[in-house]
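Below: the structure, in structure tokens.
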Number of protein chains: 2
Amino acid sequence: MTQLALIESARDFNRFYTNFLGLLNKAYLDTPFTLTDARVLFEIGSHDGVNAGLLARDLHLDPAYLSRILKRFREEDFIETSPDPTDQRSQIITVTGKGRAQFEELGQRSNAQIAARFDTLADGEAQAAVAAMRTIRSILDPQAKPAAAIIRPHRAGDIGWIVQSQGRFYAEEYGWDLRFEGLVAEVAGKFLANFDPEMEYCWIAERGGINLGSVLITNGGDGVAKLRLLYVDKAARGLGLGRQLVDECIAFSRRKGYRQISLWTNDILHAARAIYQKAGFRLVSEERHRMFGPEANGQTWVLDL
Amino acid sequence: MTQLALIESARDFNRFYTNFLGLLNKAYLDTPFTLTDARVLFEIGSHDGVNAGLLARDLHLDPAYLSRILKRFREEDFIETSPDPTDQRSQIITVTGKGRAQFEELGQRSNAQIAARFDTLADGEAQAAVAAMRTIRSILDPQAKPAAAIIRPHRAGDIGWIVQSQGRFYAEEYGWDLRFEGLVAEVAGKFLANFDPEMEYCWIAERGGINLGSVLITNGGDGVAKLRLLYVDKAARGLGLGRQLVDECIAFSRRKGYRQISLWTNDILHAARAIYQKAGFRLVSEERHRMFGPEANGQTWVLDL
DNA sequence: CGCTTTTAATTGACTGAGTCAACTAATTTG
DNA sequence: CAAATTAGTTGACTCAGTCAATTAAAAGCG
């Protein structure tokens, strides 16, 4: 559950933007089009050759309603429809010259409306607003998420991110208290303070500048590599990132001549456990503890390299 | 005239967000309210005592239409109206208990809707989206009263946030290496691990669910409180948050019977230095160091309570 | 293959959200 | 103090949007 203050902020913005869009959409007032008409015409104009079903789904319109709009457009000679040769039920929609003219006219109007608003802004403000819009879109639009997750070494801020995300996650999910976050911070802090680039490493999984996961290898001495702080954000589960991170650890440890990897985890973390098992780790010891409030089952796993 | 590409991007976002809001507003589907009803009820609920004219202007509604909505609300016993004593034409609108219950119910629904969407996002993504929303709003909404920043005690994730934001900031701004972030993590980790709620405290400055600043007081022994990790995010400088955080520290330390506050900082941090000076701290020692890469001037300041 | 089920698009039959103009009553203007 | 303006209400209407039923093609299935 996301924190309430964030949600309230988002709602607040939505109210504001509902209003704002309402104003912008007055642009259609002195045209023969409603907002919905305009949306449909725009969608057809920019994706020539769509069919009605797709249109209805994309714009979340009632098929019956859409059908009537299209009928009107056909009568007005804005569009033409022809049955899809591969599916005779489906109609392929194309814009006529007249329709395209209308489409462009609407675009002009819409642009003018926004330009008028933007022209009242200081230099750079419009840029900043549009950049922010892109940010929102890339996050909220499921179709606009082509950015692939990458795995890279840590840099400034990443260790803090690890502390923050783990601290928050275990508190929310398992009710662990802040001592856990404290432990993570100490472990992570020591890692940085005594960082030995020859024998230690930190991997961060990231997508579009947003961190999604992490893991690190520290030198436990005696030829033992310690795998620590494996974490994958809830938004990125099921992409195989956890597995990839662990694989990086194993490959690195082999390369560096460690003879064993050891790790400490808790039995409630089923997904992590599955990854370790699959990678060949074996459970060597287990003990109940209440280090962070609720009772938990600490486990030590090792992998001989 | 703003450049076309910017405008097109904004339009693109508007189309996307029109769609997005359309989906969110399905939340009202199984209530007796339309979106407009909900907007009106919300506006009344959060600005008790408005009049119809103001409402119509703020929400850009037809006065006739609004009048009918209000009539219905009056009949349903959600609101009461009484003539404004200073202008007998005008009606002052107040919510009844029943109305307030509805208002809160709608709020819940709306929150749940957004929470559901946010729960599919990475932690940082939701934050980034809301931050971007705030950016847009502050630019496009002329009367955007930026949500007030609050100062609150720390909770899960906050200590990690401190590490992250300081680590990133000092690296970007002053080129300090990761040992600095390591030090912060260790300090912060120890604070949590050995937290003494009687004599220690952490303050977080937050606005709309987004952290903006922090400071903590740890027990240095011998009646000395240590002020550590004062930080205010770039986005919130100049609001007096730094001063407020330090004031909290001083008041807390007095209350708890400390005889002195001591802190360690670096001379390049001019804004912080000004705050300390103004609060009555005095510089007691200074030494050059290269703890984090570039040469820097460490300073110790104390305040006798 | 034939039978049922699903899917694309359309049509019939409504309804109620939102608009526009006219009106009352209080207030402001000149 | 008459004329103009403003706050709010009511009458009359329309058309955007909904829901259920229908047709026809395609897909699923034993």
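The sequence lines fix the lettering, A, B, ..., with proteins before strands; numbering per chain opens at 1.
- Residue B/S90 places its side chain closer to D/dG8 than to any other of C/dA17, D/dG8, D/dT10.
- Both tests hold for A/R15 against B/F42: distance to the six-membered ring centre under 6.0 Å, angle to the ring axis within 45°.
- Here the P atom of nucleotide C/dT10 and the CD1 atom of A/I69 are 12 Å apart, to the nearest Å.
- Paired with B/Y17 under the rule ring pair (Phe, Tyr, Trp, His ring centres under 6.0 Å), one option of A/Y17, A/F20, A/F16 passes, and it is A/Y17.
- Rounded to a whole Å, the CD atom of B/Q88 is 14 Å from the P atom of D/dT9.
- The separation between B/I93 atom CD1 and D/dG8 atom C1' is 10 Å, rounded to whole Å.
- Going from atom CG of A/L54 over to atom P of C/dA8 covers 10 Å, rounded to whole Å.
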Before giving the answer on side-chain hydrogen bond (donor to acceptor under 3.5 Å, both in side chains), spell out for B/R134 and A/S9 the whole-Å C-alpha distance, their side-chain angles and the decisive distance to 0.1 Å. CA-CA 8 Å; B/R134 192 159 298 121; A/S9 288; 2.8 Å; yes

If you look only at distance, which donor and acceptor atoms sit under 3.5 Å apart when one is on a side chain in residues 97-108 of chain B and the other is two or more places apart or in another chain?
from: B/K98; atom 1: NZ; to: B/E76; atom 2: O; distance (Å): 3.0
from: B/R100; atom 1: NH2; to: B/G45; atom 2: O; distance (Å): 3.1
from: B/E105; atom 1: OE2; to: B/R109; atom 2: NE; distance (Å): 3.3

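- Distance B/L35 CG to C/dG16 C1': 15 Å, rounded to the nearest Å.
- In this structure, B/E125 pairs ionically with A/R207, as a charged nitrogen and a carboxylate oxygen lie closer than 4.0 Å.
- Residue B/D87 places its side chain closer to C/dA26 than to any other of C/dA26, C/dA8, C/dC20.
- Not one side-chain nitrogen or oxygen of A/R39 sits closer than 4.0 Å to the OP1 or OP2 atom of D/dA16.
- The nearest whole Å value for the distance from the CG atom in A/L66 to the P atom in D/dT18 is 12 Å.
- The nearest heavy atom of DNA chain D to A/P85 and to B/D62 marks one nucleotide each, and the one closer to the 5' end goes with B/D62.
- Side-chain contact check for A/R152 and A/N211: at least one donor-acceptor pair (N or O, by modelled atom type) lies under 3.5 Å.
- Side chain to side chain, B/T81 and B/R74 meet the donor-acceptor criterion of an N or O pair below 3.5 Å.
- Following rounding to the nearest Å, B/H60 (NE2) and C/dT19 (P) show an atom-to-atom distance of 13 Å.
- If you take CG of A/L55 and C1' of C/dT10, they are 15 Å apart, rounded to a whole angstrom.
- Nearest to the side chain of A/R57, among D/dA25, D/dA7, C/dA8, sits C/dA8.
- Below the 3.5 angstrom threshold, one finds a donor paired with an acceptor across the side chain of B/R68 and the base of D/dG11.
- Taking for each of A/K71 and A/R89 the nucleotide of DNA chain C with the nearest heavy atom, the 5'-most of the two is the partner of A/R89.
- For the segment residues 43-52 of chain A, the set of residues with a heavy atom within less than 4.0 Å of an atom of DNA chain C comprises A/N51, A/A52, in numerical order.
- For B/R74, a side-chain nitrogen or oxygen approaches OP1 or OP2 of D/dT9 to under 4.0 Å.
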